[in-house]
Every structure is written in structure tokens, then in C-alpha cells.
Amino acid sequence: MPGLILLGASIYATVGTLFGAGFVLRGVERVDPAALGAPWTFRILILPGVIALWPLMAWRWWCAPRTRGAA
Amino acid sequence: MSVGYVSVQWNRHKRIYDACVAGGIVLYLGVFFAAGKALYTGRNAISGEILAMRALATCAFLMLNVILCIGPLARLDRRFLPLLYNRRHLGVATFLVALAHAAIAIGFYHGFGNVNPFVALLTSNTNFTSLSAFPYQTLGLFALLILFLMAATSHDFWLKNLGAPAWKRLHMLVYIAYGLLVMHVALGILQTQRSPWLASLVGVGVVIVATLHLIAGQRERRHDERGSQLSPRAGEEWVDVGAVDDIADQRGSTVTVGAGERIALFRYNGCVSATTNVCAHQGGPLGEGKIIDGCITCPWHGWQYRPADGRSPPPFAEKIHTYRVRVVGRRIQVDPTPLPPGTAVEPARVEEVQSA
Ligand code: HEM
Ligand code: FES
């Protein structure tokens with residue numbers, strides 16, 4: 001049982017990390033135009049949160065307007 | 001305020017704050033470690049790992065107690081406001097110190113076998129029904145997860161993108177983490193049969209945190225109760241909320257009218273304006289702020305709004321509710337119906353009394 005929990009957590013975190021890399025590079029600007037041109041330190045800083053909350057942020061990215069928001 | 005994100009909006013205050021926090025942590029750990037080595041020698045000697053783990057553990061727990069006291073202290077006495085200003089960095093630092101403690105604990109107690117140390121943590125003890133043998137490490141793990149979530153979502157990006165109510169609820173979990181940690185420490189002490197001084201220190205911490213919250217809460221309630229007696233007389237929209245002279249120049253004050261939100265009043269340059277008391281950032285009490293450079297300045301993190309229309313000065317775009325206000329004689333009257341955020345309202349003119 002603990003093995004299963006751990007496996008689940010590892011899969012969640014791995015998917016989150018892969019998704020997170022894409023999100024902080026591209027998605028974040030679509031979800032929140034204020035992030036356009038934000039420095040890489042900002043992107044690193046929000047990465048742990050994106051990994052933890054990746055399903056939510058994936059949903060936000062999916063729902064974000066297709067065109068780039070005006071900043 | 002949000003125009004393009006940066007990693008941290010550094011300024012002098014934050015640098016000094018962070019330097020004090022880092023210095024304090026290093027000093028605490030150093031003294032703890034040195035004292036442990038000096039006091040326990042010979043047969044009683046404690047290994048470096050255990051000492052480091054305990055130093056980090058007590059440091060993180062102490063920091064958490066400080067964090068929880070800052071909120072009510074700042075409500076009770078303005079002199080504590082500078083501590084509140086950068087509380088988030090303190091929170092992130094607490095998580096990192098706690099993480100180091102947990103890493104040593106997991107590595108040291110569970111890391112030597114051939115079982116994954118995390119699996120060992122969850123399986124080595126499953127006495128969930130017994131208090132004296134309860135796997136207190138699991139409580140620590142859950143608390144650590146909460147601290148992680150809070151640290152990871154501490155940037156303003158999260159405040160904006162999760163929405164203030166959800167963000168606030170998430171960060172309220174700190175009280176659950178605190179409860180879990182009190183149990184973690186109490187049961188840990190019980191099971192390792194340590195001297196009771198640590199347990200009494202934890203008790204003192206809990207009493208201080210709880211008392212401060214009760215006092216601050218009671219004060220707020222009394223303020224609101226006084227306000228609930230204020231309401232417009234039948235057929236009238238204006239409510240008398242106090243005297244102009246009760247507010248110092250370039251300062252604010254707070255009133256509650258009926259069951260409504262709190263209203264902040266500001267006196268500046270011979271004018272009075274009224275806005276919501278709730279800052280658009282994290283709900284800081286604007287009425288306890290000052291007018292700086294002609295703008296209402298939140299006492300918590302310094303967001304600014306023009307008093308006459310509740311808008312942040314460009315290039316910022318934040319808006320807060322405003323209220324219609326007038327001055328009759330030396331009395332201030334407001335219309336307690338909030339106007340849409342950012343609505344311009346003519347400030348009420350005050351006849352300044354010329355002192356001879
Ligand atoms: C995965 C998470 C955690 C694990 C596995 C863990 C493990 C442990 C262990 C094994 C001890 C007993 C140490 C001893 O022999 O004295 C302990 C004590 C303690 N832990 Fe944790 N812990 C965790 C998280 C935390 C967190 C998040 C805090 C937060 C501040 C914390 C604070 C403490 C304190 C104050 C003590 C008592 C220190 C002492 O005995 O001197 N722990 N923990
Ligand atoms: S609450 Fe942060 S600036 Fe007002």
C-alpha cells in the first residue's frame with residue numbers, strides 16, 4: 001500500500017515536472033499576460049507550485065485564449 | 001502590484017529583513033550545535049546528525065511560532081507592521097529549514113536499509129491506534145507537505161492566478177500544519193523519553209499563539225459591534241461615522257457601518273475620502289495605512305491607491321471600492337453603499353480651523 005502511494009506520487013511529480021517545464025516556458029504567458037517577458041528567475045520560482053498544482057494549471061492553459069493576450 | 005512579474009521585488013527593507021532572518025537561522029543553529037556538543041559529552045554524547053536534526057527541527061518550529069504571532073501582533077500594535085511586510089520570505093525560510101530536518105530524519109532513521117526510505121517512513125510503524133507508539137513522523141510529513149504548498153504558492157503570481165479567496169484558504173492550512181506539528185513534537189518527545197523542558201517550551205508557544213489570536217480577534221469584534229450600531233436613519237442614506245478631528249492629517253481610520261464591509265476614511269490636504277478597508281492585494285487594512293505621495297498606502301505591503309477614485313497610480317491597474325462621503329460641520333458622513341471599484345468620488349472638503 002505505501003509502495004502504491006509512493007508510486008502514484010512519483011508519477012504525479014514526474015508528469016508535473018515535464019508539464020511544468022513547458023508551462024513556465026510558454027503556458028504561463030498565455031494564462032497570465034503579465035508574465036510576458038518575465039525573467040527566468042521568476043519562472044524557476046513558480047515551477048515548484050506548477051509541479052504541485054499541474055492539473056489545475058493544465059486546465060488554465062487549456063482554457064486560456066488562443067491569441068496572445070495584450071500585455 | 002502587477003505589471004509584469006519579477007522573481008522578487010527587492011528593496012532595501014526586504015534585503016535587511018532577509019539578512020536578519022538568514023543571520024538569525026545561522027546563529028541559532030550554530031549555538032544549538034555548539035551547546036549540544038559541549039553539554040553532552042562522554043557516554044551522553046549526541047551524534048552530529050541527531051544534533052543537526054534537532055537544531056533544524058527546533059529552529060523551524062520556533063520560526064513557525066513567530067510567523068503565527070506576527071499577524072495578531074501587527075493588529076494590536078503598529079510597530080510590528082515591518083515584520084508582517086515580508087512574512088512570506090520568513091515562511092519560505094521556515095519550509096527550507098523544516099525540509100532539512102526531515103531530510104536528515106528520513107536519511108538517518110530509514111536510509112540505511114534496502115527499503116526505499118520513504119516507504120520505510122510510512123511502513124516501519126503503523127501503530128495508528130496507539131498514542132504512545134503513534135508514528136509521529138507521519139504527522140511531520142503532512143505538516144511538511146502543507147508548508148511546501150504554502151512556500152510554493154507564495155509568489156504574487158499565485159495570489160492572482162488562484163484568486164485571493166482560494167489563496168487565502170490555502171494559506172490558512174498553516175493552522176492545521178501547526179496542530180500537526182504540535183502533535184509531532186509532543187509524541188516524538190513522549191516516545192524518545194526526553195526531558196520535559198522541550199515539551200513545556202512547546203506548551204508556552206501554543207499558549208502565546210492562542211492568546212494573541214484571541215486578544216486580536218476580540219478587539220476586531222468589539223470594533224465591529226460598535227459599528228453595527230451605526231446605520232442610516234429611516235429614509236436617509238447618509239450615516240454619521242465620526243469627527244474629522246479624530247483622524248490625523250495624512251492618516252486613515254476604520255469604521256463598520258451596519259453589517260457591511262469595513263470602510264476606511266482618509267484625511268489629507270483638507271479633504272476626506274472613503275474607500276473599502278480591504279486592500280486588493282491580500283486584504284490588508286487600508287484604514288490603518290497612511291497617505292504617502294498623495295496615495296493611500298497599504299500598511300501590509302505598500303500597494304497604493306488614489307483616495308479620490310480608488311485606482312492605483314499608473315502603470316498599475318488595481319481598483320478598490322469607493323464610497324460617497326461628505327462633511328457636515330466637523331462630522332463625516334458616508335453613504336454605506338459601496339460604489340464599483342475605481343469609481344471617482346468628489347472628496348469632501350474640510351474647512352481647516354486656523355489656529356491662532
Ligand atoms: C517528513 C517530515 C518529518 C519527519 C520524518 C520528521 C522526523 C522527526 C524525528 C525522527 C524526530 C525525533 C528526533 C529526535 O530523535 O530527537 C523529530 C522531532 C522533531 N521535529 Fe520532525 N520530522 C518531520 C517534519 C517536521 C517539520 C515540518 C517540523 C517543523 C517545524 C518538525 C519539527 C520537529 C521538532 C520541533 C522536533 C523535536 C526536536 C527534538 O526532539 O529536539 N518536524 N522529527
Ligand atoms: S495586503 Fe499586501 S499591500 Fe495591501
Side-chain angles (χ1 to χ4, degrees), chain A residues 1-66 68-71, chain B residues 1-10 88-89 91-92 95-96 99 106 110 113-126 128 135 137-138 141-142 144-163 166-167 169-171 173 312 315-318:
Chain A
M1 184 59 188
L4 265 182
I5 297 178
L6 209 66
L7 183 70
S10 320
I11 293 175
Y12 184 90
T14 310
V15 176
T17 308
L18 292 176
F19 168 81
F23 183 86
V24 299
L25 289 176
R26 300 206 167 266
V28 62
E29 317 197 334
R30 284 263 296 283
V31 168
D32 184 347
L36 266 172
W40 63 271
T41 41
F42 160 76
R43 295 162 197 265
I44 299 278
L45 224 50
I46 65 163
L47 185 56
V50 177
I51 295 173
L53 303 175
W54 70 262
L56 176 69
M57 298 328 278
W59 175 247
R60 287 287 168 80
W61 193 355
W62 180 257
C63 294
R66 299 286 134 166
R68 289 207 158 191
Chain B
M1 299 185 272
S2 49
V3 262
Y5 292 111
V6 291
S7 48
V8 177
Q9 285 170 339
W10 287 110
R88 272 191 265 181
H89 288 194
V92 175
F95 163 69
L96 293 176
L99 181 68
I106 292 175
H110 302 292
N114 50 9
V115 185
N116 178 314
F118 285 98
V119 175
L121 171 67
L122 294 171
T123 48
S124 60
N125 177 351
T126 47
F128 288 102
Q137 291 95 329
T138 314
L141 179 64
F142 281 113
L144 189 67
L145 283 178
I146 293 180
L147 295 185
F148 163 72
L149 260 187
M150 293 177 49
T153 58
S154 61
H155 195 278
D156 269 347
F157 169 82
W158 293 105
L159 179 64
K160 182 171 160 208
N161 285 283
L162 296 176
W167 189 87
R169 246 176 280 135
L170 184 69
H171 283 242
L173 289 179
S312 294
F316 304 106
E318 270 71 34

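Chain A is the first sequence line, chain B the second, and so forth, proteins listed ahead of strands; every chain is numbered from 1. Bear in mind the structure is a predicted one, so any value in this text is a computation, not a measurement.
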Verify the ring-centre separation between A:Y12 and A:W54: is it less than 6.0 angstrom? yes
If one checks every heavy atom of A:L47 against chain B at 4.5 Å, the contacting part turns out to be neither
Is any side-chain heavy atom of B:T153 closer than 4.5 Å to a side-chain heavy atom of A:L53? yes
Answer yes or no: is there a side-chain heavy-atom contact under 4.5 Å between B:F95 and B:M150? no
Do the charged groups of A:R43 and A:E29 touch, with an N to O distance under 4.0 Å? yes
With chain B as the partner, which of A:L56, A:I51, A:V50 has the greatest number of non-hydrogen pairs under 4.5 Å? A:V50
Most contact-rich option vs chain B, by heavy-atom pairs under 4.5 angstrom, among A:P48, A:A9, A:G37, is A:P48
